[in-house]
Amino acid sequence: MEFKDIATVSGKPGLYKVLKPSRSGVILESLDEKKGKLVVGAAQRVSLLSEISIYTLTEDGASPLKDVLQKIEKEFKGDTGLEGADKEEYQAFMKHILPEFDEDRVYASDVKKLINWYHIIRSQCPEVLEDTSDADSGEASPDNDSDKAQDT
């Protein structure tokens, strides 16, 4: 599975694997033990994780979600230690992972969702968290510059 094959649905918890488009929307499969299928129509907002970025104070204004998740994997290897954390702990965690993140626009609830997504991806499709940019050129691909959708 690739990062672009994983989606989130507004108003629904968890992450979903994109299976295929249908006449009325898109067919998704939940990334949990149940593997339940869901048809999502045009009325519901579906966001691919490859299109999501986290607000930063850098010139670009955002950092792709994939890069942030790969940093978390590289440093914590699954043990973030944030179970039952409070707002300050989430903000401190984010500051550690992405020092230039925009504290005014990235809330503790966003960081909590990020950690939840990280754990889902790590357990269901860990290959997505492998850092392939080091093998290529040592930097993230320039394709990510055009995809600056903000949805955390």
Side-chain angles (χ1 to χ4, degrees), residues 1-74 76 78-80 82-87 89-91 93-94 97-98 100-133 136 139-152:
M1 184 181 319
E2 294 182 37
F3 202 67
K4 65 181 174 60
D5 299 328
I6 303 171
T8 180
V9 179
S10 182
K12 296 199 177 288
L15 294 174
Y16 299 86
K17 177 182 178 182
V18 178
L19 294 180
K20 62 183 177 178
S22 71
R23 278 186 235 132
S24 60
V26 65
I27 300 172
L28 305 174
E29 179 181 71
S30 65
L31 286 179
D32 59 15
E33 300 78 38
K34 298 175 189 170
K35 300 289 183 202
K37 292 195 170 96
L38 169 74
V39 177
V40 179
Q44 289 180 293
R45 185 167 166 210
V46 176
S47 299
L48 297 176
L49 294 193
S50 60
E51 297 174 351
I52 298 174
S53 297
I54 295 180
Y55 291 114
T56 63
L57 299 172
T58 63
E59 189 176 307
D60 290 339
S63 180
L65 182 64
K66 182 176 184 178
D67 294 351
V68 176
L69 289 171
Q70 287 175 339
K71 282 182 188 177
I72 294 170
E73 174 62 15
K74 190 174 188 178
F76 292 94
D79 184 18
T80 58
L82 289 174
E83 290 73 29
D86 62 11
K87 177 183 174 182
E89 289 174 304
Y90 284 122
Q91 294 291 66
F93 175 83
M94 198 65 202
I97 293 298
L98 191 65
E100 64 276 5
F101 88 102
D102 188 341
E103 294 181 49
D104 295 331
R105 295 166 69 184
V106 179
Y107 304 107
S109 60
D110 298 327
V111 181
K112 186 175 182 179
K113 188 185 298 186
L114 170 73
I115 299 304
N116 185 32
W117 288 354
Y118 166 72
H119 287 297
I120 292 170
I121 291 170
R122 191 165 202 280
S123 67
Q124 299 297 321
C125 45
E127 69 278 2
V128 171
L129 296 173
E130 292 174 9
D131 190 359
T132 56
S133 63
D136 297 338
E139 292 186 22
S141 67
D143 312 345
N144 294 337
D145 290 344
S146 63
D147 298 331
K148 294 296 183 210
Q150 310 299 325
D151 181 43
T152 53

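Computed from a predicted model, the values in this text were never measured in an experiment.
Residues meeting the ring-ring contact (aromatic ring centres under 6.0 Å, His included) test with Phe93, sequence neighbours left out: Phe76. Listed by chain and residue number, Lys17, Leu19, Lys35, Lys37 satisfy the side-chain contact (heavy atoms from CB on, under 4.5 Å) test with Glu29 (two or more places apart in sequence, or in another chain). Under the side-chain contact (heavy atoms from CB on, under 4.5 Å) criterion, Ser109 pairs with Tyr107, not counting sequence neighbours. Take Thr56 and apply the side-chain contact (heavy atoms from CB on, under 4.5 Å) test, not counting sequence neighbours, and it matches Thr58, Ser63, Leu98, Glu100.
A donor-acceptor pair is defined here as one N or O able to donate and one able to accept, closer than 3.5 Å; no such pair exists between the side chain of Ser47 and the backbone of Thr8. Using modelled atom types, one side-chain atom of Asp102 and one backbone atom of Asp104 make a donor-acceptor pair closer than 3.5 Å. Judged by distance alone, the side chain of Glu89 and the main-chain N or O of Asp86 form a donor-acceptor pair under 3.5 Å.
Looking only at side-chain heavy atoms (C-beta outward), Val68 and Phe101 stay at 4.5 Å or farther from each other. The shortest distance between side-chain heavy atoms of Ile121 and Leu49 falls below 4.5 Å. For the pair Thr80 and His119, the minimum side-chain heavy-atom distance is below 4.5 Å. Counting heavy atoms from C-beta outward, Val106 and Leu114 have side chains that stay 4.5 Å or more apart. Inter-residue side-chain proximity for Leu15 and Gln124 is flagged as unmet; no heavy-atom pair is nearer than 4.5 Å. At least one side-chain heavy atom of Phe3 sits under 4.5 Å from a side-chain heavy atom of Leu65.
Residue pairs meeting the salt bridge (Lys or Arg N to Asp or Glu O under 4.0 Å) criterion with at least one member in residues 1-10, sequence neighbours excluded, are Glu2-Lys4. Applying the salt bridge (Lys or Arg N to Asp or Glu O under 4.0 Å) test to pairs two or more places apart or on separate chains, those with a residue in residues 116-128 are Glu73-Arg122.
The environment of Lys112 atom NZ is sparse: at most 12 non-hydrogen atoms of other residues, nucleotides or ligands sit within 6.0 angstrom.
In this structure, Asp110 CG and Ile115 CD1 are separated by 11.5 Å, a value rounded to the nearest 0.5 Å.
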